[in-house]
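Every number for a ligand or one of its atoms is a count from 1 in the order of the listing.
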Amino acid sequence: MSAEQNHATSSLNDSQQRNLRISCEHMDRLLKDVEDTLNPARSKSVFQKYIQDITPIQRKTIEDYLARIRAQLLRVLAGESIEVEKPRITASHAIHTVLTFVEIAIEELSPGRMRGYGEVTERGAADLNGVMQELQSIVQQLHSYVLQRGAPELSERIKRLSGEEQVDSLRKIEEIVTRRGLVEFRSTMLMLLDRMEDTDFEIAIFGRVSSGKSSLLNRVIGADILPVGVTPITAVPTRVSYGREPGVRVWLEGAGMQNVDISRISEFVDERLNCGNQKRVARLAVRFPSDRLREGIVLVDTPGLGSLATSGAEETMAYLPRCDVAVLLIDAASTLTPDDLKIIQALSNASIPVTILLSKADLLDDAERQQVQSYVRDHVFAELGREVPVHPVSIVPGHKDLLHAWVQEDLSTLYAQHRQLRRDSVSRKVATLKEGVRATLELQLNAVETEGDHAAWQEVETRLRRASGVLQEKAPELRRMTEEIAGLGPSIIRKAADVAALGWAKEPKIDLGEVLWITAVRALEELAGQLRSRLNHTIESLRVEMLEVAAALRISDLPSQEELFANREMPVFHLNRERLFISKPMVAGLFGHGALRQHAGKKLRVLLPALEVALNSYAALLRGWCELSLNTIELRFNSRADHYRARLERMLNRRMTPESEMGSLRADIESLSAEMIITRA
Ligand SMILES: Nc1nc2c(ncn2[C@@H]2O[C@H](COP(=O)(O)OP(=O)(O)O)[C@@H](O)[C@H]2O)c(=O)[nH]1
Ligand SMILES: [Mg+2]
């Protein structure tokens with residue numbers, strides 16, 4: 001504090017002092033408005049508010065006055081011994097707040113809100129949904145960039161990948177993208193980096209209950225982590241990967257993720273402790289310090305697919321968890337079932353390498369083992385026309401070499417292949433990115449002759465805008481389908497009663513529990529199938545629009561349906577199969593079908609509460625899956641659409657590049673082109 005301030009005592013009370021300070025701050029902000037008016041170029045607003053009538057000399061004089069007023073504001077406060085407030089809010093927080101308001105303003109544009117201003121036509125609604133999507137897409141990108149304080153920048157992440165192929169190209173692209181402010185390429189780069197950083201090699205184990213999946217995984221990990229000999233919650237695959245400390249992460253639908261001690265896994269995966277998956281477990285990830293997992297190997301225990309009722313491989317595919325390699329485990333003492341074949345077919349259709357392991361091989365002698373091995377191999381070949389490797393394995397310590405042989409002969413080769421495939425895919429993506437950046441720079445150089453007139457480009461823009469709104473338009477309908485599930489209980493019971501009544505015509509005693517189980521599983525798989533086909537239909541229409549726009553823009557890199565959304569990992573409906581054997585009523589001869597059905601219905605209602613628990617849980621899981629799918633599609637659609645929009649914007653508002661910048665622009669284009677020749681060679 002200066003001597004002058006020490007002596008000056010204020011003639012004002014506390015409230016008056018505060019009021020004075022706030023007024024001075026307010027005046028300062030108003031003066032900022034004057035500055036923006038003087039310097040429209042500096043404010044960068046795209047909406048010009050005023051006609052410029054101020055001469056350069058006037059501007060200079062006004063600015064000098066402004067400086068004087070501001071200096072005086074500070075003197076006024078000092079004279080009253082009022083301290084200037086120190087900032088307490090971080091700049092990033094302030095930006096976050098403003099962006100939240102921007103997002104709210106975008107929401108206000110929805111067709112629903114706009115109806116308050118009069119009727120909205122169907123086209124109008126499509127346009128508005130598209131407008132919202134276009135704006136949201138960019139604002140959200142900026143918002144998440146602002147929020148991820150402390151997270152590494154693109155350049156930082158690329159540097160960390162050093163040693164990998166393509167890093168030098170990527171570094172050059174990033175440098176140009178950042179220096180030239182081509183933010184439309186950032187989301188593609190982020191996705192590419194995610195992919196490059198993800199070194200996981202996922203091995204999924206399929207097989208019927210009790211085939212020995214959990215035991216085998218425990219053996220591979222080298223510790224008894226997964227519960228053995230239990231009826232599992234079929235809905236939930238368990239992923240096991242490397243971690244310095246053992247632990248489990250559980251994702252509960254609606255309640256988010258929580259960390260639990262590794263000893264508590266059973267509480268989530270064992271049917272007895274989580275009946276009908278009432279805890280709504282959606283995902284489970286175990287971390288364990290096992291050397292076998294150190295190189296990025298992820299083991300997936302997949303208990304669900306053995307209990308699917310779906311009719312074919314096509315449907316089974318939708319439930320497959322993400323994996324790079326699949327293992328089908330079959331009890332060596334049993335045979336291949338149609339379900340096993342369906343799973344092999346589905347995996348092969350998805351180009352996932354499959355190995356069959358014959359478990360519990362210790363229970364057979366050498367001759368028997370070889371017999372089973374060749375029988376299974378031949379059987380698969382006869383049914384599916386495919387050669388699938390078959391290895392006997394066992395968890396019994398005396399048969400360690402069997403497990404070892406599989407890891408050495410099979411898994412290591414697949415691992416090497418996987419890495420090669422990944423490298424190829426990354427270098428293709430880098431080449432595409434580079435081509436995109438180069439095309440944009442050429443556009444800036446005005447080196448590209450753009451055919452078509454302004455009106456034609458505007459038409460393309462409108463088309464892209466309407467496509468952008470499609471997802472928003474379809475989402476409510478998809479959500480509604482998942483909401484119906486919770487109320488399906490009574491109708492499933494009725495259907496099951498009908499089946500049971502027919503069953504009694506053939507057998508005097510039937511398992512109503514089994515009948516209910518199969519009826520419920522079928523009904524829900526059918527509903528999930530409908531949801532899937534509507535989603536696919538939406539994606540396909542999005543893709544068709546994108547293809548049209550890309551063709552008009554002469555962009556040669558086109559999206560595949562698979563790229564927009566790999567339709568996988570749908571939650572599996574889980575209902576425990578209760579036993580409920582009921583005999584046909586004694587005086588059956590007197591009863592007609594209707595009465596039998598009524599009898600079955602009455603007995604089945606005992607199982608209704610358990611069914612409803614399972615339905616509620618599945619409704620939540622499917623809803624979660626639906627939301628996640630919509631988000632993924634939106635993200636992937638936007639990462640491409642952003643290019644297209646930026647390209648269109650550049651075509652519609654062609655800005656002259658100043659002569660002085662032409663040279664460096666040409667140099668950048670050349671450096672990207674030179675790189676490309678090297679990559680192709
Ligand atoms: N003899 C023998 N029994 C095994 C072997 N692997 C698993 N089992 C037994 O098979 C039963 C089912 O195993 P589990 O791992 O729970 O099967 P999952 O339901 O497929 O996960 C358990 O009682 C295990 O002890 C094996 O290699 N040899
Ligand atoms: Mg198991």
Side-chain angles (χ1 to χ4, degrees), residues 203-240 248 250 262-275 277 279 281 283-286 288 290 292 298-308 319-321 323 326-337 339-340 342-344 347 354-366 368-370 372-373 376 390-407 410 572 574-577:
I203 307 169
I205 318 283
F206 301 93
R208 270 166 288 164
V209 174
S210 239
S211 54
K213 296 179 293 297
S214 307
S215 309
L216 181 75
L217 291 184
N218 284 341
R219 175 60 33 149
V220 174
I221 300 159
D224 290 336
I225 294 172
L226 303 169
V228 162
V230 299
T231 305
I233 296 297
T234 56
V236 192
T238 303
R239 288 190 155 80
V240 189
V248 184
V250 189
I262 202 150
S263 61
R264 290 181 51 201
I265 297 185
S266 295
E267 289 174 32
F268 303 98
V269 301
D270 187 339
E271 160 66 33
R272 282 169 307 177
L273 303 172
N274 181 12
C275 184
N277 192 15
K279 293 179 182 159
V281 179
R283 263 176 64 123
L284 217 117
V286 176
F288 195 78
S290 157
R292 276 249 172 78
V298 180
L299 300 168
V300 192
D301 190 356
T302 307
L305 296 186
S307 57
L308 287 178
Y319 297 96
L320 291 183
C323 61
V327 171
L328 179 70
L329 207 58
I330 307 170
D331 192 321
S334 76
T335 49
L336 275 172
T337 62
D339 280 345
D340 293 331
K342 218 157 58 185
I343 290 175
I344 299 174
L347 290 160
V354 192
T355 301
I356 296 178
L357 295 185
L358 301 171
S359 67
K360 311 181 190 178
D362 54 287
L363 301 177
L364 306 179
D365 64 32
D366 277 352
E368 288 170 322
R369 216 178 283 156
Q370 269 166 21
V372 177
Q373 204 173 341
V376 169
V390 181
H391 296 270
V393 293
S394 167
I395 61 159
V396 175
H399 292 73
K400 257 204 320 246
D401 49 330
L402 286 175
L403 198 60
H404 192 70
W406 165 56
V407 173
D410 215 53
V572 177
H574 173 80
L575 176 68
N576 195 26
R577 229 182 288 205

| field | From the candidates Ser215, Ser359, Gly207, Pro303, the one that places a heavy atom nearest atom 15 (O) of ligand 1 | value |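 Shortest heavy-atom distance from atom 15 (O) of ligand 1: Ser215.
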Closest protein heavy atom to [atom], given as residue, atom name and distance to 0.1 Å:
{"atom": "atom 16 (O) of ligand 1", "result": "Gly229 N, 2.6 Å"}
{"atom": "atom 8 (N) of ligand 1", "result": "Lys360 CE, 3.6 Å"}
{"atom": "atom 27 (O) of ligand 1", "result": "Ile395 N, 2.9 Å"}
{"atom": "atom 22 (C) of ligand 1", "result": "Val228 CG1, 3.7 Å"}
{"atom": "atom 19 (O) of ligand 1", "result": "Ser210 N, 2.7 Å"}

| task | Taking all heavy atoms of Ile330 and all of Thr335, pick out the closest pair and write down the distance. | result |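 Looks like CG2-O, 4.1 Å.
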| query | Nearest heavy-atom pair of Ile265 and Val248: which atoms, and what distance? | reply |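 Heavy atoms only, the tightest pair is CG1-CG2, 3.7 Å.
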Run the numbers for me: atoms of ligand 1, each under 4.0 Å from some heavy atom of [X], listed by number.
{"X": "Gly212", "answer": "7 (C), 13 (O), 14 (P), 15 (O), 17 (O), 18 (P), 20 (O)"}
{"X": "Val209", "answer": "19 (O)"}
{"X": "Ser394", "answer": "27 (O)"}
{"X": "Arg208", "answer": "20 (O)"}

| said: Tell me the contacting part of His399 for ligand 1: side chain, backbone, both, or neither, using a 4.0 Å heavy-atom threshold, strictly below. | reply: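 The answer is neither.
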| message | Just to be sure I read this right, does ligand 1 sit under 4.0 Å from the backbone of Asp362, its side chain, both, or neither, counting only heavy atoms? | response |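 Answer for Asp362: side chain.
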| request: Test Ser290 against every option in Ile221, Val240, Val220 by the side chain to side chain contact (heavy atoms under 4.5 Å, CB included) rule and name the one that passes. | output: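 Per the side chain to side chain contact (heavy atoms under 4.5 Å, CB included) rule, the option paired with Ser290 is Ile221, out of Ile221, Val240, Val220.
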| task | Check each of Thr231, Asn277, Val230 against Glu271 using the side chain to side chain contact (heavy atoms under 4.5 Å, CB included) test, and report the only one that passes. | result |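 With Glu271 as partner, side chain to side chain contact (heavy atoms under 4.5 Å, CB included) holds for just one option, Thr231.
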| query | Sequence neighbours excluded, which residues qualify as salt bridge (Lys or Arg N to Asp or Glu O under 4.0 Å) partners of Asp340? | reply |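 Arg208.
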| field | Listed partners of Asp366 passing salt bridge (Lys or Arg N to Asp or Glu O under 4.0 Å), at least two apart | value |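 By the salt bridge (Lys or Arg N to Asp or Glu O under 4.0 Å) rule, Asp366 matches Arg369.
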| field | Geometric cation-pi criterion, Lys213 with Phe206: 6.0 Å, 45° | value |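 Not flagged: Lys213 not positioned over aromatic ring of Phe206.
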| What protein N/O/S atoms lie closer than 2.8 Å to the Mg ion (ligand 2)? |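 As for protein N, O or S atoms lying under 2.8 Å from the Mg ion (ligand 2), they are Ser214 OG.
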| query | Do we see a donor-acceptor contact under 3.5 Å between the side chains of Asp331 and Ser211? | reply |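 Absent: no donor and acceptor within the cut-off.
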| field | Short side-chain to backbone donor-acceptor contact, Lys342 and Thr337, under 3.5 Å | value |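 Judged by distance alone, no pair lies under 3.5 Å.
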| task | Ignoring hydrogens and angles, tell me if any N or O in the side chain of Asn218 forms a donor-acceptor pair with the backbone of Asp224 under 3.5 Å. | result |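 Pair absent, no side-chain N/O of Asn218 close to backbone of Asp224.
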| Do any N/O atoms on Lys213 end up under 3.5 angstrom from N/O atoms on ligand 1? |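 Yes, since at least one N or O of Lys213 sits under 3.5 Å from an N or O of ligand 1.
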Side-chain donor/acceptor pairs under 3.5 Å, residues 391-404, sequence neighbours excluded:
unit_1 : atom_1 : unit_2 : atom_2 : d
Ser394 : OG     : Asp362 : OD1    : 2.7
Ser394 : OG     : Val396 : N      : 3.0

| query | Between Thr238 and Val300, is any pair of side-chain heavy atoms under 4.5 Å apart? | reply |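 Side-chain contact under 4.5 Å: no.
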